[in-house]
Protein chains: 2
Amino acid sequence: MRDQEPARARVLDAAEALFYGRGVQSVGMDEIRNASQVSLKRLYQLFPSKGELVEAYLRRRDIRWREALARQVEAEEDPGARILAVFDWLHGWFAAPDFRGCGFINSFGELGATTPAVAEAARAHKEAFRAYLGRLVADAGRPAALAGQVALLAEGAMTAAAIRGSAEPAREAREAARVLLEASAADRRAVAPG
Amino acid sequence: MRDQEPARARVLDAAEALFYGRGVQSVGMDEIRNASQVSLKRLYQLFPSKGELVEAYLRRRDIRWREALARQVEAEEDPGARILAVFDWLHGWFAAPDFRGCGFINSFGELGATTPAVAEAARAHKEAFRAYLGRLVADAGRPAALAGQVALLAEGAMTAAAIRGSAEPAREAREAARVLLEASAADRRAVAPG
DNA sequence: CCCACCTGAGAACTGTCGTTCTCATACGGT
DNA sequence: ACCGTATGAGAACGACAGTTCTCAGGTGGG
C-alpha cells in the first residue's frame, strides 16, 4: 500500500503523455509499464483495465486543463480582457512542443462511437469549458449567447492548430472574439444604455 | 477486371460508413468484406493494404464533402449570403442521423501521430476548405482575415456538434459569422468608403 | 471436350495486445 | 531465524486483426 500514490501518479503521467501524444489505441499497456516503471501487476492493481486507465487519464486531464486555463485567465483583472485571455492561454498551449490538439476531441474521434465512457468524458469536459466561458461572459455583462460563440472559436482553434501544426489559429480566434465582444458591447449600449 | 468499378465503389462505400462511423482502428478488414460483399482476395487486389484503403477513403470523402458544400453554397446568389450558407449546409450535415463529426479531425486524432499520410490528408482537407472560404470572402469583398475566422467557427461547430450530439452549434456559428461579416462591412465602410 | 487461369469463401498464418500466471525473491511480524 | 504474504520481471494465454494461402469451382479459348 505504501508508495501507492507515487506509482499511481507515474502511471497517469506515462498514460497521459502516451495516450495524448499518440492516441489511445496506438499505446499498449507494456509501453505504459516501461514508461512508468510500474510492474504490470501493480498497474492492474491500480487500474483494473485499460479502459479504466483511459477514464482516469481523461478525468485528470480535464481537471488540470481547466485549472491551468483559469489560473492564467484570472490573472487578468478586467472582465472583458479575461475573455480574450482565454485565447492567449490557448496560444501558449498550442506553441508547446508536444501539443497535438484537444485530448478530448481526439479521444472522442477515436473511441467515442465504441466507448460510451469516453464520449461522456468529452461531453462533460466541453460542457465544463462552455460553462466557464459562460461565467466569464456573465461577469463581463455580455449576452449569454456570446459564450457559445467564443467556445466555438476556441474549439475551432484547437483543431486548426493541431492539424496545421501552428499556434496562429489562437491569434485568429482571439481577433474574432474581440470583434464579437465589441459587437456585443455595441448591442448592449443600444439595447440597455447606461 | 470486369465489374471492378462496382466492387471498388462498394468497398469504398463500406469503408466510409464503417471508418467514419466507428473510427479506423475499430473496424477490421473482415467487416469491410462483409459489408461490401467483396472477397478478401479482391479487396486486397483493389487496395493492397488497409492503410491504402484508409487513404482512398479520405481522398474520396474530401472531394465529395467539398462538392456537396459548394453545391448548396452556390445555390445562393448574394456573395455575403453565400458565406452564411456554409453554416446552413453544416446544420443539415450535423442533423444527419449518422453524423459523427468531421472525419478528418477524427482520423487525425486517431492516427495523425502515427500515420503521416493521414495527418497530411487532414491538413490538405482543411486547407482546401479554408481556401474555399477565402474565395467566398474575396467574392464578398471582405478582408481576407475573415476567412480564417469563419473557418474556425465552422470547425468549432463540427466538433461541438459531434460531442454534444446536437445540430445547434451550426446556428451559434452562423450567428457569430453574421456578426463578423457585419463588422467587416462596417470596417470596409470606414476604411474604404463607397 | 480440355486445360489454364481466375475467383470466392474462408482457413491459416503472424504479430500484437490486453490480461493473467509463474516463480523466485524480499519483507515484516514474531 | 522463519514463514506467509506481496512484489517484480517477464513468460504465457487468448483473442483479434491484417494479410496470405488453399482449394474447389467456374469461365473462356483452343
Side-chain angles (χ1 to χ4, degrees), chain A residues 1-58 106-107 109-111 113-118 121, chain B residues 1-58 106-107 109-111 113-118 121:
Chain A
M1 291 295 181
R2 197 153 33 97
D3 252 2
Q4 177 173 309
E5 278 316 311
R8 194 183 169 89
R10 282 209 311 281
V11 170
L12 282 172
D13 289 346
E16 177 155 10
L18 291 165
F19 288 158
Y20 174 72
R22 303 224 315 269
V24 171
Q25 293 180 102
S26 303
V27 173
M29 294 297 267
D30 272 17
E31 216 163 343
I32 289 169
R33 187 252 309 258
N34 292 338
S36 66
Q37 301 275 47
V38 169
S39 75
L40 271 186
K41 181 168 221 156
R42 199 119 109 117
L43 212 172
Y44 274 93
Q45 281 171 359
L46 294 164
F47 304 96
S49 71
K50 187 182 182 183
E52 305 207 31
L53 177 55
V54 171
E55 290 176 46
Y57 146 61
L58 292 173
N106 291 348
S107 298
E110 184 177 358
L111 298 168
T114 56
T115 313
V118 169
Chain B
M1 289 298 184
R2 199 152 32 99
D3 253 2
Q4 178 173 308
E5 278 316 312
R8 194 183 169 89
R10 284 210 309 282
V11 169
L12 283 171
D13 289 346
E16 177 155 11
L18 290 165
F19 288 158
Y20 174 71
R22 303 224 314 269
V24 171
Q25 292 180 101
S26 303
V27 173
M29 294 297 267
D30 272 18
E31 215 163 344
I32 289 169
R33 189 255 304 264
N34 292 338
S36 66
Q37 301 274 49
V38 169
S39 75
L40 271 187
K41 182 168 223 158
R42 200 117 109 115
L43 213 171
Y44 274 93
Q45 280 171 359
L46 294 165
F47 304 96
S49 70
K50 187 182 184 182
E52 306 207 29
L53 177 55
V54 171
E55 290 176 46
Y57 146 62
L58 292 173
N106 291 348
S107 297
E110 183 178 358
L111 298 167
T114 56
T115 312
V118 168

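Since the model is a prediction, treat every value here as computed from it, not as a measurement. Here is the naming used below: chain letters follow the sequence lines, and residue numbers restart at 1 for every chain.
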Inset, instruction - Please state how far atom CZ in A:F47 lies from atom P in C:dT20, giving the value in whole angstrom units. - result: 16 Å

Legend entry - Closest-nucleotide 5' rank along DNA chain C - winner of B:Q45 and A:Q25: B:Q45

Legend entry - Residue-level proximity of residues 26-40 of chain B to DNA chain D when a heavy atom falls under 4.0 Å: B:V27, B:G28, B:M29, B:L40

Legend entry - Residue among A:Q45, A:R10, A:R33 satisfying side chain to side chain contact (heavy atoms under 4.5 Å, CB included) with A:V38: A:R10

Inset, instruction - Take atom OH of B:Y44 and atom P of D:dT22, then tell me their distance rounded to the nearest Å. - result: 17 Å

Legend entry - Which residues share a salt bridge (Lys or Arg N to Asp or Glu O under 4.0 Å) with B:E52, sequence neighbours left out: none

Legend entry - Flag side-chain contact, heavy atom, 4.5 Å: A:F47 against A:L12: yes

Inset, instruction - Would you check if A:R42 and A:V11 make a side-chain contact, meaning some heavy-atom pair closer than 4.5 Å? - result: no

Legend entry - Between D:dG18 (P) and B:E52 (CD): distance, integer Å: 15 Å

Inset, instruction - Using atom CG of A:L46 as one end and atom P of D:dT7 as the other, report the distance to the nearest whole Å. - result: 10 Å

Inset, instruction - Check whether any side-chain heavy atom of A:E110 sits under 4.5 Å from a side-chain heavy atom of A:V118, and report yes or no. - result: no

Legend entry - Distance in angstrom units between A:K50 NZ and C:dT16 C1', rounded: 11 Å

Inset, instruction - Please identify each residue that fulfils salt bridge (Lys or Arg N to Asp or Glu O under 4.0 Å) with B:D30, with sequence neighbours left out. - result: none

Legend entry - B:K41 side-chain N/O to C:dG8 phosphate OP1/OP2 under 4.0 Å: no

